[in-house]
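Just so you know, ligand 1 is whichever comes first in the structure, and atom 1 is the first atom listed for that ligand. Any value given below was found using the heavy atoms of this structure, including those in side chains, with hydrogens, waters and symmetry copies removed.
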Amino acid sequence: MALYVHKYGGTSVGTVDRIRHVANKITQARRQGNDIVVVVSAMSGETDRLLGLAREMQEHPNPRELDVLLSTGEQVTIALLCMALESDGCPASSYTGAQAKILTDASHTKARIIDIDTSRLRKDLDQGKVVVVAGFQGVNEEGDITTLGRGGSDTTAVALAAALKADECRIYTDVDGVYTTDPRVEPRARRLDRITFEEMLEMASLGSKVLQIRAVEFAGKYNVPLRVLSTFDDGPGTLITYEEEEMEQALISGIAFNRDEAKLTVEGVPDQPGIAAAILGPIADANIEVDMIVQNVAENDTTDFTFTVHRNDYAKALDILQGVCQKLGAKKVTGDDQIVKVSMVGVGMRSHAGIASRMFRALADEGINIRMISTSEIKVSVVLDEKYLELAVRTLHETFGLDQAPAA
Ligand code: ADP
Ligand code: ASP
Ligand code: MG
């Protein structure tokens with residue numbers, strides 16, 4: 001008998017009928033003799049709706065209260081799913097994060113899981129029950145409700161799978177696996193049978209929202225077999241695996257993109273030691289995360305310093321830089337929040353030179369101007385004007401042979 005953790009995302013539980021469909025799938029898996037622990041998200045759109053309500057009430061709501069509010073979304077779906085399971089004749093119990101004893105640190109709205117005490121869940125499983133746990137939430141040492149950041153139900157599922165030593169963690173969603181790129185942007189994207197943890201981690205951190213980054217991190221660290229598959233169609237999905245020697249590696253596994261970027265430049269900064277710290281220090285103090293950083297070669301003893309931040313932090317960062325600019329005697333601050341980052345990811349890049357230049361050539365041939373570049377061992381990222389996003393993704397997808405073969 002195997003133990004599976006199933007996770008169903010927002011679209012998969014978006015209506016009463018869909019919750020019934022999910023209950024049906026679980027009942028079938030149960031009748032095959034497997035133990036099932038289920039993690040569910042809030043119904044689609046619900047977390048955004050709750051966030052909207054909070055923002056109507058207060059511009060910067062207290063994070064503790066925000067977590068109390070946001071966690072209600074998942075509480076609705078665990079109860080409804082258990083009702084659907086009961087009416088299918090499949091005994092089930094629901095658990096909020098706190099009831100499931102998912103202990104987290106105290107960082108509200110982006111908490112990390114520290115420990116899960118599974119003894120009560122185990123008891124239910126031993127009695128033949130399906131265990132249904134609210135995703136995205138936990139409880140801190142004080143007993144306060146915390147949430148795990150957007151997409152956090154993926155992490156709840158993986159953490160439970162690790163704690164229960166499940167045979168597989170199955171992330172059921174509205175696509176039938178991990179694709180070479182978001183199929184909403186490139187309809188010719190192809191489902192991957194497998195992808196390595198390392199590549200999936202890069203894809204997730206570079207903007208592919210199919211899995212939360214922390215879920216991939218966690219699965220890699222605790223060796224949790226992880227699979228992404230469709231709630232609505234049968235199929236093998238995509239297995240996230242360790243790299244195997246004999247695996248024939250594609251040069252590029254996927255293309256990720258991030259629309260949430262903005263860039264800022266301090267122009268004409270005196271070129272002297274301590275400049276980067278003087279510019280980025282106040283940005284870090286304001287809790288703003290910096291992504292790419294570029295400092296130009298000095299000319300006439302001054303230099304330009306550019307970096308990117310999340311678009312939500314753009315206005316705040318711009319404001320801080322005005323002050324920094326004056327203090328440093330720099331020329332001016334400029335910025336652009338209509339930019340995106342497009343990245344190519346693949347472990348095959350390690351052993352092949354020239355990927356980046358082929359990428360730049362392909363973009364140039366389409367008249368797409370590259371504003372910033374950054375590379376690492378298994379990825380190349382470029383910053384582009386927002387209007388070029390779709391064209392860039394499709395061009396690179398074709399250039400690197402990722403398109404699916406046309407239907408016969
Ligand atoms: P859920 O609500 O089930 O958690 P998400 O919306 O978080 O679902 O994630 C699934 C979505 O991720 C897909 O609908 C798809 O548009 C998007 N996506 C982005 N990049 C990829 C990719 N490389 N492969 C598959 N899906 C992707
Ligand atoms: N409901 C949360 C969100 O929308 C968590 C999740 O679905 O994973 O981000
Ligand atoms: Mg998700």
Side-chain angles (χ1 to χ4, degrees), residues 6-14 18 22 38-52 66-67 69-78 97 109-111 133-138 146-160 169-195 199-216 226-233 235 237-238 240 252-260 342-346 389 393 396-397 402 404:
H6 287 196
K7 179 258 171 177
Y8 294 91
T11 316
S12 308
V13 294
R18 286 189 174 169
V22 164
V38 186
V39 172
V40 280
S41 291
M43 295 168 87
S44 56
E46 179 62 7
T47 308
D48 285 332
R49 187 185 75 87
L50 294 168
L51 269 173
L66 202 53
D67 276 351
L69 180 72
L70 295 185
S71 65
T72 62
E74 274 72 11
Q75 194 168 332
V76 170
T77 40
I78 53 170
T109 74
K110 45 178 184 299
V133 181
F136 174 60
Q137 55 179 267
T146 54
T147 64
L148 310 179
R150 298 309 302 268
S153 299
D154 296 336
T155 303
T156 306
V158 172
L160 275 168
C169 181
R170 300 192 163 169
I171 308 290
Y172 287 97
T173 182
D174 55 6
V175 271
D176 65 350
V178 178
Y179 276 65
T180 45
T181 193
D182 190 341
R184 285 177 214 258
V185 166
E186 173 50 280
R188 282 182 290 188
R190 197 158 37 80
R191 182 182 58 80
L192 300 164
D193 282 326
R194 297 165 161 252
I195 183 167
E199 289 168 323
M200 194 63 239
L201 201 58
E202 286 283 5
M203 292 279 282
S205 60
L206 294 167
S208 294
K209 293 192 175 117
V210 61
L211 283 175
Q212 200 199 31
I213 307 169
R214 282 188 189 166
V216 186
L226 182 61
R227 193 184 290 276
V228 175
L229 9 71
S230 163
T231 304
F232 307 105
D233 302 304
T238 301
I240 314 342
I252 303 298
S253 290
I255 299 171
F257 51 83
N258 189 347
R259 301 178 198 264
D260 301 328
V342 175
S343 310
M344 297 202 313
V345 174
L389 174 76
V393 169
L396 296 175
H397 202 267
L402 298 177
Q404 47 174 273

Check for me whether [X] has a heavy atom closer than 4.0 Å to any atom of ligand 2.
{"X": "E46", "result": "no"}
{"X": "G9", "result": "no"}
{"X": "G152", "result": "yes"}

By number and element, which atoms of ligand 1 are closer than 4.0 Å to a non-hydrogen atom of [X]?
{"X": "G10", "value": "2 (O)"}
{"X": "Y179", "value": "22 (C), 23 (N), 24 (N), 25 (C)"}
{"X": "K209", "value": "7 (O), 9 (O), 19 (C)"}
{"X": "D174", "value": "10 (C), 11 (C), 13 (C), 14 (O)"}

Could you find the nearest protein heavy atom to atom 3 (C) of ligand 2 and give me its residue, atom name and distance?
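Looking only at protein heavy atoms, the one closest to atom 3 (C) of ligand 2 is R150 NE, 3.4 Å.
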What protein heavy atom sits nearest atom 7 (O) of ligand 2, and how far off is it?
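Checking every protein heavy atom, the shortest distance to atom 7 (O) of ligand 2 gives S41 OG, 2.9 Å.
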Looking at T147 and D67, would you say the former's side chain and the latter's main chain have a donor-acceptor pair under 3.5 Å?
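Checking the backbone N and O of D67 against the side chain of T147, no donor-acceptor pair under 3.5 Å is found.
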Heavy atoms only, cut-off 4.0 Å: how does E74 contact ligand 2, side chain, backbone, both, or neither?
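E74 to ligand 2: side-chain contact only, backbone stays beyond 4.0 Å.
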Return yes when G177 approaches ligand 1 closer than 4.0 angstrom through a heavy atom, no otherwise.
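Yes, that is the case, since the closest heavy atom of the residue is under 4.0 Å from the ligand.
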Measuring from non-hydrogen atoms of K7 to any atom of ligand 1, is the shortest distance under 4.0 Å?
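K7: in contact with ligand 1 (<4.0 Å).
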Side chain or backbone of V228 under 4.0 Å from ligand 1, or both, or neither, by non-hydrogen atoms?
neither
Of R150, M203, R184, which has the heavy atom at the shortest distance from atom 14 (O) of ligand 1?
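Selected option, by shortest heavy-atom distance: R184.
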N-O pairing of D154 and K209 below 4.0 Å:
no
